[in-house]
Protein chains: 2
Amino acid sequence: MPIEDEQARFLRCIGEPTRLQILKLLAESEKCVGEIVEALNREQSLVSHHLRALKECNIVVARQEAQKIYYGLADLRLSELVATSESLMRELPLCQSKGACYDE
Amino acid sequence: MPIEDEQARFLRCIGEPTRLQILKLLAESEKCVGEIVEALNREQSLVSHHLRALKECNIVVARQEAQKIYYGLADLRLSELVATSESLMRELPLCQSKGACYDE
DNA sequence: AATTCATATGAATGGAGGTTCATATGCCTA
DNA sequence: TAGGCATATGAACCTCCATTCATATGAATT
């Protein structure tokens with residue numbers, strides 16, 4: 001199977017709202033599961049499932065400390081990828097011509 | 001809804017194998033539907049559906065010339081995004097430690 | 001106007017994956 | 001070793017979407 005299959009898997013792993021929020025959190029600093037759960041206000045099992053997906057794609061690395069497990073970005077360039085994709089999306093042609101889009 | 005929803009939509013639009021192939025083709029130069037169909041050896045309707053998706057995300061722009069419709073990248077930085085995401089994926093930690101992965 | 005070429009559209013199907021619920025694992029303290 | 005805290009796992013459900021098939025639109029040529 002061509003490289004595009006793996007690349008698509010990689011991009012889709014990043015391209016999920018909750019996981020994007022997690023990645024933006026981890027771009028600040030590594031965090032344990034409980035901190036992520038609190039910050040996103042989502043179910044613990046949901047966060048855990050997403051962290052598993054990110055880990056399987058090697059986007060995130062885990063470090064255990066007592067009961068807690070700290071997650072961090074596997075590579076600093078991942079936060080750049082997230083940031084540049086966001087700014088690029090905002091600047092796309094039709095977006096400019098139609099005024100305000102992608103409001104927060 | 002937060003910006004992450006739109007960003008996820010944008011990244012998932014790029015993160016599909018067939019669409020990635022299309023984007024890499026269009027990174028060379030703009031092409032009409034028939035050329036893309038021939039290059040990818042996929043059904044015409046499938047390519048058309050994917051071009052529609054890319055266009056709705058403003059990733060691609062269309063230009064009509066007689067019966068043919070030429071598609072091109074909406075922004076040159078999109079090909080950079082595709083390329084950097086591929087090289088970044090290849091370099092991720094576990095990938096290095098486990099030897100060859102993402103073979104073509 | 002009819003036919004052909006180029007592309008788009010719509011419905012139907014099948015599969016992948018996000019979310020929730022319930023439960024399991026594992027580490028720590030008393 | 002019991003109990004509680006932190007995280008992971010599995011199944012079930014449901015939605016989204018990639019693909020195919022059949023058909024429609026539209027432009028060019030005769």
Side-chain angles (χ1 to χ4, degrees), chain A residues 1-26 29-72, chain B residues 1-26 29-72:
Chain A
M1 272 296 156
I3 183 71
E4 283 82 12
D5 282 46
E6 290 297 331
Q7 189 177 2
R9 204 180 289 274
F10 175 74
L11 286 167
R12 265 184 286 115
C13 192
I14 297 175
E16 199 282 329
T18 306
R19 287 196 287 267
L20 274 172
Q21 292 183 308
I22 292 175
L23 293 179
K24 290 177 183 181
L25 261 184
L26 299 185
S29 66
E30 69 169 10
K31 291 187 172 53
C32 70
V33 181
E35 292 173 316
I36 301 171
V37 167
E38 191 184 16
L40 303 191
N41 196 32
R42 314 298 303 269
E43 292 208 359
Q44 177 270 321
S45 64
L46 177 62
V47 170
S48 191
H49 279 302
H50 282 305
L51 287 171
R52 184 182 205 268
L54 289 168
K55 196 171 153 193
E56 280 178 351
C57 279
N58 307 328
I59 292 171
V60 128
V61 291
R63 174 181 70 82
Q64 182 150 11
E65 188 171 310
Q67 309 141 333
K68 298 189 177 179
I69 298 184
Y70 287 84
Y71 284 86
Chain B
M1 273 298 156
I3 183 70
E4 283 82 11
D5 281 47
E6 289 299 330
Q7 188 177 2
R9 205 181 288 275
F10 175 73
L11 286 167
R12 264 184 287 116
C13 191
I14 297 175
E16 200 282 328
T18 306
R19 287 197 288 267
L20 274 173
Q21 290 184 308
I22 292 175
L23 292 179
K24 289 177 183 181
L25 262 184
L26 299 185
S29 66
E30 68 168 11
K31 291 184 173 54
C32 69
V33 181
E35 292 173 316
I36 300 172
V37 167
E38 191 184 15
L40 303 190
N41 196 33
R42 314 298 302 266
E43 293 208 358
Q44 178 269 321
S45 65
L46 177 62
V47 171
S48 192
H49 279 302
H50 282 305
L51 287 171
R52 185 181 204 269
L54 289 167
K55 196 171 154 195
E56 281 179 349
C57 279
N58 307 327
I59 292 171
V60 130
V61 290
R63 175 180 69 84
Q64 181 150 11
E65 188 171 310
Q67 310 142 333
K68 299 189 178 181
I69 298 184
Y70 287 84
Y71 285 87

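In what follows, chains are A, B, ... by sequence order, proteins preceding strands, each numbered from 1.
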Residues which pass salt bridge (charged side-chain N to carboxylate O under 4.0 Å, His left out) with B/Arg9, listed by chain and number, not counting sequence neighbours:
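Salt bridge (charged side-chain N to carboxylate O under 4.0 Å, His left out) check on B/Arg9 returns nothing, list empty.
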
Using modelled atom types only, decide if a donor and an acceptor are shared between the side chain of A/Arg12 and the backbone of B/Arg12 within a distance under 3.5 Å.
no

Please tell me which of the listed nucleotides, D/dC5, C/dA8, D/dA28, lies nearest to the side chain of B/Ala66?
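Looking only at side-chain atoms, B/Ala66 lies closest to D/dA28.
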
Out of D/dA8, C/dT7, D/dA6, which nucleotide sits closest to the side chain of A/Gln67?
D/dA6

Distance in angstrom units between A/Lys68 NZ and C/dC27 C1', rounded
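The distance from NZ of A/Lys68 to C1' of C/dC27 comes to 13 Å, rounded to the nearest Å.
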
Check the distance between C/dG18's P and B/Leu11's CG and give it to me in whole angstrom.
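After rounding, the gap between these two atoms is 13 Å.
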
So B/Tyr71, base contact, sugar-phosphate only, or nothing? Heavy-atom distance under 4.0 Å.
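The answer is sugar-phosphate, as B/Tyr71 gets under 4.0 Å only of primed atoms, P, OP1 or OP2.
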
Need one value for A/Gln44: base, sugar-phosphate or nothing, where a base atom within 4.0 Å counts as base even if backbone is also close, heavy atoms only.
base

Between B/Leu54 and B/Leu26, is a side chain to side chain contact (heavy atoms under 4.5 Å, CB included) present by the stated rule, with each step listed?
CA-CA 12 Å; B/Leu54 289 167; B/Leu26 299 185; 5.7 Å; no

Could you walk me through whether A/Lys68 and A/Glu35 pass the salt bridge (Lys or Arg N to Asp or Glu O under 4.0 Å) test, one step at a time?
CA-CA 10 Å; A/Lys68 298 189 177 179; A/Glu35 292 173 316; over 6 Å; no

After noting the C-alpha distance and the side-chain angles of A/Glu4 and B/Glu16, does the key distance pass the side chain to side chain contact (heavy atoms under 4.5 Å, CB included) rule?
CA-CA 8 Å; A/Glu4 283 82 12; B/Glu16 200 282 328; over 6 Å; no

Which nucleotides of nucleotides 10-21 of chain D have their base under 4.0 Å from a protein heavy atom (B), which only their sugar-phosphate (S), and which neither (-), written as one string 5' to 3'?
B------SSSBB

